[in-house]
Amino acid sequence: MAVSKNAADDMMRVLSIYDARLLPTSPPAEGQATGEAYGCDERDEGEQEQKEEEEAFAAAEDVIRRCNSSSSSSGMIDYLYAVDDALTAAALQGGLASRAAEAVQAAMPRLEEEARALLCSSSARRLSLSSDDLDDAATPPDASPRLSPRAAASVRGVADRMLRAGYGPELAQVYVTARRDALAEAVAHQLGAAEPVAIEEVLRMEWLVLDQKMRRWNHAIRVVVRTLLAGERRLCDEVFASDEELGHECFADVSRGCVLQLLGFADAVAMSARATEKLYRTLGMYEALADVAPELEALFTGDARELFGAEVSAVAARLGSTVRRTIEEFGSAIQGESSRRPVQGGEIHPMNRYVINYCGLLADCRSTLDMILVDTADAVDGDEAPSGGGGATSTPSGRCMLELLTGLLRKMDEKSCLYDDAGLKHIFLMNNLYYIVQKVMDSPLRELLGDDWIRRHRGQIRQYETGYLRASWITVLSFLRDDGGSAAPTVKDKARSFNAAFEELYRNQTAWKVIDPQLREELRIAVSERLIPAYRSFLSRPRPQTGSSSGGSRHSASKHVKYTLEDLEDYMLDFFEGVQKLVK
């Protein structure tokens, strides 16, 4: 131990020759040496950090100055790092902070320009949609004016620096201007119009032009809400991640124009003159608006949500009112149809075709009709209400269709009175009711009206058939009956009367038209089932024989029997074909 101590003292004396600081002048108190060493280290570190900060800011300031003097967008990553250093320096105390604040301020115009360029670099897919595409597109195509992933990441970086520097209002102005224009262009493409259509233009627009615009609108509003606005909402959330409130405001400003443009067109349609041909398209617009309304409202917050929610509700209410009043006028037009010219041959009335086909189209929109008519549907007449719990009384749309078809059938009854021939009157009624029933069975109308309605009206068709047989054939068949008694007409007279009556029926009823082949065949069979057995019985009936004149009587009767059973069966094939013929 003594040796070690002496060696340590000698080493200290040697070193003191080179640096006297290694030997303290007096022994330090306990803990004093350690504290002074730490103090020196802290001062040294502080000075070093300050020096590094000054050097870093000087480099950043140089980058900002050089980039601001150049129009090239290269080196933007270094520029953003330089802005970061300037922002860091601006947060410090002392003279460096004021210089850094000036550098940050000088960098903001360049960041605004960069943000504007990035926000305008959207890559929207341009689509050329045909009329079929507009009706059949189940999933909206991607037509968003979206940014590329690289551009989106860059604009987020720029926005973050501007927001940290307190330049949120300037960023918002750049964002709204750029994205509003990009969104307006995409919406115009969807609507097929470079400029918004004014209300006055819609009110004066010809139907064929308006029809096409309504179809495009029905498709466009779904694309705009689910693709364009939803994509814009996501971009806005990313850009303004550090200031959500400002982001909500910017999104509302960007979207306001296109949303009001879409709602304005729908409002103009609701204000335009009501017409039956517009009804289906108007229903489609109401359905599309109701479909996207919850999604549209969810995109906004605060006052903007209340504003757009109220606008959507108001426009939907006006479209619904237009639909209801158009349906009422449609029903009145059915009852007011006053043509006095009967349809040739008892065929289907043109109004019948129009009304039932249109009701079929409305039935396709039964869910939408239920929403519109839920508060206004009145109960139908008791004699027309189905007895079951389902069918027409179950939904407002079912009651609406029942009311329209009841009015149509009443009008067909009125039209049947234009025929002088009772048989042709029943053919007309049978044709038209059969057509209605078949259309109901082959369309969604069946679900609305119910099977009980179909059964009752098919029974009505059988009644019209029976009415035709009685009106047209009861007299003809009476000539084939065996009346008996001495005062009964002779066989010769009966044969002559039958021949004349049958030929008259043939001439008239070959010109009558039963449209449906199945119904036409059923009607011929019903006639043949009565005519052929009666004529067979007439032919087989024994002829009266009276003395010497019996041979002449038989010859005379036989002479006036012009037709065989096969002849009558062949002639029946010409009935109800709509081509008048004469017996040869």
Side-chain angles (χ1 to χ4, degrees), residues 135 197 199-219 221 262-291 293 312-338 349-380 392 395-411 436 439-440 443-445 448-449:
D135 285 339
V197 181
I199 293 179
E200 295 77 12
E201 293 181 60
V202 175
L203 299 180
R204 297 193 303 266
M205 201 170 286
E206 294 183 0
W207 164 238
L208 293 179
V209 178
L210 181 59
D211 177 57
Q212 182 66 17
K213 289 190 177 295
M214 292 170 75
R215 293 178 69 191
R216 290 196 72 104
W217 188 96
N218 290 347
H219 173 82
I221 192 169
L262 288 167
L263 295 179
F265 178 81
D267 208 19
V269 170
M271 294 168 56
S272 64
R274 292 181 298 277
T276 304
E277 61 267 21
K278 293 182 183 179
L279 182 55
Y280 183 69
R281 294 287 177 221
T282 307
L283 266 172
M285 293 181 70
Y286 182 96
E287 181 179 12
L289 187 57
D291 189 25
V312 169
S313 297
V315 172
R318 285 190 283 272
L319 285 173
S321 176
T322 298
V323 168
R324 287 192 296 272
R325 296 177 67 182
T326 304
I327 290 176
E328 293 171 1
E329 293 172 2
F330 184 38
S332 299
I334 294 172
Q335 296 306 310
E337 206 282 334
S338 58
H349 199 282
M351 184 179 70
N352 188 358
R353 293 182 186 274
Y354 179 78
V355 172
I356 192 63
N357 288 330
Y358 210 86
C359 286
L361 287 176
L362 296 181
D364 288 334
C365 305
R366 52 194 178 280
S367 297
T368 307
L369 269 179
D370 286 339
M371 289 190 291
I372 294 174
L373 302 175
V374 64
D375 297 325
T376 59
D378 296 323
V380 295
T395 62
S397 58
R399 291 190 287 272
C400 174
M401 293 300 104
L402 180 59
E403 184 175 348
L404 290 174
L405 292 186
T406 299
L408 176 62
L409 290 173
R410 287 172 180 163
K411 180 56 64 173
I436 292 173
K439 285 290 186 178
V440 169
S443 73
L445 286 168
L448 295 178
L449 298 177

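When a residue number appears, it is its place in the shown sequence, counting from 1.
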When rounded to the nearest 0.5 angstrom, what is the spacing between [atom1] in [X] and [atom2] in [Y]?
{"X": "Ile327", "Y": "Thr322", "atom1": "CD1", "atom2": "OG1", "value": "11.0 Å"}
{"X": "Arg281", "Y": "Lys278", "atom1": "CZ", "atom2": "NZ", "value": "13.0 Å"}
{"X": "Tyr280", "Y": "Met285", "atom1": "OH", "atom2": "CE", "value": "14.0 Å"}
{"X": "Thr276", "Y": "Glu329", "atom1": "OG1", "atom2": "CD", "value": "8.0 Å"}
{"X": "Ser272", "Y": "Met214", "atom1": "OG", "atom2": "CE", "value": "7.0 Å"}
{"X": "Ser367", "Y": "Leu283", "atom1": "OG", "atom2": "CG", "value": "11.5 Å"}

(Q) Taking the side chain as everything from C-beta on, heavy atoms only, tell me whether Leu408 gets closer than 4.5 Å to Met351. (A) yes

Might you point out which heavy atoms bring [X] and [Y] nearest each other, and give the distance in Å?
{"X": "Lys439", "Y": "Ile356", "answer": "CB-CG1, 3.5 Å"}
{"X": "Ala266", "Y": "Val315", "answer": "CB-CG1, 3.6 Å"}
{"X": "Ala293", "Y": "Val312", "answer": "CB-CG1, 3.8 Å"}
{"X": "Met371", "Y": "Tyr286", "answer": "CE-CE2, 4.1 Å"}
{"X": "Gly320", "Y": "Ile372", "answer": "O-CG2, 3.5 Å"}
{"X": "Leu448", "Y": "Ser397", "answer": "CD2-OG, 3.4 Å"}

Q. Hey, mind stepping through Trp217 and Leu289 against side chain to side chain contact (heavy atoms under 4.5 Å, CB included) and telling me if it holds?
A. CA-CA 10 Å; Trp217 188 96; Leu289 187 57; 4.3 Å; yes

Q) Among Leu362, Thr395, Asp364, whose side-chain contact (heavy atoms from CB on, under 4.5 Å) with Leu369 holds? A) Leu362

Q: Would you indicate whether Arg353, at its atom CZ, is surrounded by more than 12 heavy atoms from other residues, nucleotides or ligands within a distance under 6.0 Å?
A: yes

Q: Kindly indicate, with the supporting measurements, whether the criterion side chain to side chain contact (heavy atoms under 4.5 Å, CB included) is fulfilled by Thr326 and Val323.
A: CA-CA 5 Å; Thr326 304; Val323 168; 5.8 Å; no

**Q.** Steps toward side chain to side chain contact (heavy atoms under 4.5 Å, CB included) verdict (Leu279, Tyr358)
**A.** CA-CA 9 Å; Leu279 182 55; Tyr358 210 86; 3.3 Å; yes

